[in-house]
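Everything below concerns the one structure shown next.
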Amino acid sequence: MQKILDIISEKMQAAFVAAGYDAAYGKVTVSNRPDLCQYQCNGALSAAKAYKCAPIQIANAVAEQLSGQDFSMCQAVMPGFINLNLSDSFLADYLEQMRTAPDFGVQKDGSGKTAIIDYGGANVAKPLHIGHLRPAIIGEALKRLHSFMGYNTIGDIHLGDWGLQMGLIIAELHRRQPELCYFEEGFSGPYPEEAPFTLSELEEIYPTASARKKDDPDFAHEAHIATFQLQQGHPGYRAIWNHIMRISLADLHRIYDMLDVHYEAWLGESDADPYIPAMIEDLKAKGHAVMSEGALVFPVAEEGDKKEIPPCILIKSDGAAIYATTDLATMVQRMQDHNPHKMLYVTDKRQNLHFEQVFRAAKKGGIVSQETVLEHVGHGTMNGADGKPFKTRDGGVLRLEQLLKDMTDFVRSKVVENKIVSDDQVEATTAKIALAALKYGDLSNQPTKDYNFDLERFAAFEGNTGPYILYTIVRIKSILSRYGAWEELPIKLPTNDHAKELMLCITRLGPALESALRTSSPNLICAYIYELAGAVNKFYHETRILTEEDPALQQGYISLIGLAKRILEQCIHILGFSAPDKM
Ligand code: ARG
């Protein structure tokens, strides 16, 4: 469906032309004085300069052309603004179209295009910690938004499964159990099915190895060699790697499932490895890859750079490929497999420089086409309630699973205390509210900004929170279920100002989703549903819905809140959570 602003801009342009002025002046915007009008056009002010006459004269002439059934008010006011209010019938017709159209008639620009959203960034063999929360939540929301807007979307976790951490684990294991067959030269296999470690042992091995590397240069050297040999295909190391992957992935699946975060592709840095040699040869042949201090690098600095952009390192002097290499090779793979229109990377904003280098190399080196959209959505940090970096009591990094558990425990106590649902529903309801609290608490902030995690505030049923949005949906659900069949009821004319406010708010769905997509800002969807929930609650408080005696009026109310509910549910689905039936 055409957006309201576009519809009335067209009418305004036609009115300018009919009054003898250029159409270009007929741009309409949402009013910045909602107390005076809903929409406004300031074109007469600029037209006055071109036509050398008083702006109000032009505004009057244009306004005269506009009076019709679309506007309940169309007024020229000093010095030359044109103020507009939509007529009730226009509003009701528009909403009825939204109600009956697929996906509320939102204009979609993604059809025929593929978007790859690279998010989550989990590193195999290391437990997910709170630093992984934001990329998972923001990425999932952006993926669902692209999907809603018609893109063919692929969420790719891009596992860190190929770097030094694998070498560290192998080297540590070698020191602890040198007798294992994986380290035996000339071992002819087969390697055991069972891993020589459990998940919790693995989670201990990595940090120990990582700490050892810092004060034991021999060990650090062994780990580098092991990494290199793994990448070269050492069969024993490859077998250990397979064990690590299997154990670690099962755990990652479990936690991402709890977060309702799902990937279409569980690919990792290792999957890009086979693409590296040919890519390097190609970049060398094109003259992009050059030797510098023993390493192979791709200079990407450009004239006019405000800060120094160092060359992108492709192969280190010890022969190992690094983060940038696998990111470029992953692009080769993605272009071959999917030819995406867009690749979006959601990571900590401190990786800005890395992506700047990689994106430049990808474009200069012809790895992607000039049109491919490459975007880094760099997110800020989640701090503790005191604004300081989030630490556990003993100063460690909080595990993501623990954070989720803390939120769930807190919400459960409220659910139980307020006797919200029957005993058998407590867990399911708690899980939904906790996820909404956590995700909305995060997503309502602009991705780039840091924010403070505040369990009690996020979980509050009032204020700008996830549970408040859920509460609004649950309230509507309860009215609808008491009313009966509502799905087919058409939208009626608004009968009071609160109904009109609610209707106007509903018409802003498309523009809200569009700007959220354009600026990769799920927070704009949060802002929209917070406003919509507010409009619903005002309407609910000021209108007798279930006790209304006039059935025609009542049908209109029910249809209106039914539409609001569907939109709220659609939006929270995009944000990655859902509403319970009771709360
Ligand atoms: N594993 C990386 C990290 O922990 C994040 C990966 C993000 N995606 C990418 N294509 N680089 O920082």
Side-chain angles (χ1 to χ4, degrees), residues 115-140 142-143 153-169 203 206-207 210 227 241 244-245 248-249 251-252 255-256 261 263-273 275-276 279 298 300 312-314 320-338 340 342-363 367-368 372-382 397-400 447 520:
I116 297 183
I117 323 289
D118 177 316
Y119 67 105
N123 295 314
V124 168
K126 302 189 206 174
L128 289 172
H129 57 78
I130 52 155
H132 293 105
L133 182 73
R134 299 209 72 194
I137 292 183
I138 297 169
E140 180 75 14
L142 288 175
K143 183 182 76 184
T153 50
I154 299 165
D156 184 351
I157 186 165
H158 198 71
L159 292 168
D161 62 356
W162 206 228
L164 183 60
Q165 94 250 31
M166 293 304 201
L168 283 166
I169 295 170
E203 288 178 347
Y206 173 73
S210 178
T227 309
W241 182 87
I244 302 175
M245 289 298 278
S248 189
L249 280 183
D251 195 51
L252 289 174
I255 296 175
Y256 282 118
V261 166
Y263 295 96
E264 285 66 37
W266 283 80
L267 294 174
E269 295 173 358
S270 65
D271 294 286
D273 193 66
Y275 296 83
I276 293 177
M279 175 184 83
F298 189 146
V300 291
C312 192
I313 298 177
L314 299 172
I322 61 163
Y323 193 40
T325 329
T326 44
D327 257 333
L328 285 169
T330 300
M331 288 183 176
V332 174
Q333 182 181 20
R334 288 177 180 165
M335 292 306 284
Q336 271 181 23
D337 292 352
H338 307 289
K342 189 178 201 180
M343 287 186 237
L344 214 64
Y345 295 80
V346 187
T347 77
D348 192 302
K349 66 182 171 196
R350 284 170 287 194
Q351 294 194 20
N352 249 332
L353 179 61
H354 164 75
F355 284 105
E356 181 69 48
Q357 293 171 302
V358 166
F359 291 171
R360 285 186 183 192
K363 291 254 155 137
I367 291 175
V368 301
T372 314
V373 180
L374 300 174
E375 186 185 334
H376 176 222
V377 181
H379 61 77
T381 310
M382 180 180 89
V397 189
L398 190 66
R399 283 190 177 210
L400 187 47
S520 299

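As the structure lists them, so they are numbered: ligands from 1, and atoms in each ligand from 1. Below, each value reflects all heavy atoms present in this structure, side chains not excepted, and no hydrogens, waters or symmetry copies.
At least one donor-acceptor pair under 3.5 Å links the side chain of R134 to the backbone N or O of P447. Checking side-chain atoms of E375 against main-chain N and O of L344 turns up no donor-acceptor pair under 3.5 Å.
Between Y323 and H354, a ring centre-to-centre spacing shorter than 6.0 Å is recorded.
Under the side-chain contact (heavy atoms from CB on, under 4.5 Å) rule, H158 has a single partner from D327, I116, D271, which is D327.
Ring orientation note: the planes of W266 and Y256 are nearly perpendicular, at an angle over 60° on the 30°/60° scale. Ring planes of Y345 and F355: tilted class, angle from 30 to 60°.
Residue-environment remark: CG (L398) exceeds the threshold of 12 foreign heavy atoms within 6.0 Å.
Residue-level proximity to ligand 1 for F355 is carried by the side chain, the only part with a heavy atom below 4.0 angstrom. The proximity of N123 to ligand 1, defined as any non-hydrogen pair under 4.0 Å, is limited to the side chain.
If you check which protein heavy atom lies closest to atom 8 (N) of ligand 1, you get D118 OD1, 2.9 Å. Nearest non-hydrogen protein atom to atom 2 (C) of ligand 1 is Y323 OH, 3.6 Å.
Checking only distances, D327 does come within under 3.5 Å of ligand 1, N or O to N or O. At a 3.5 angstrom cut-off on N or O pairs, G121 counts as close to ligand 1.
Relative to atom 9 (C) of ligand 1, the option among H158, R350, Q351, E269 with the closest non-hydrogen atom is H158.
Near Y345, with a cut-off below 4.0 Å to any heavy atom, the atoms of ligand 1 are 10 (N). The contact set between ligand 1 and T347, taken as ligand atoms under 4.0 Å from a residue heavy atom, comprises 7 (C).
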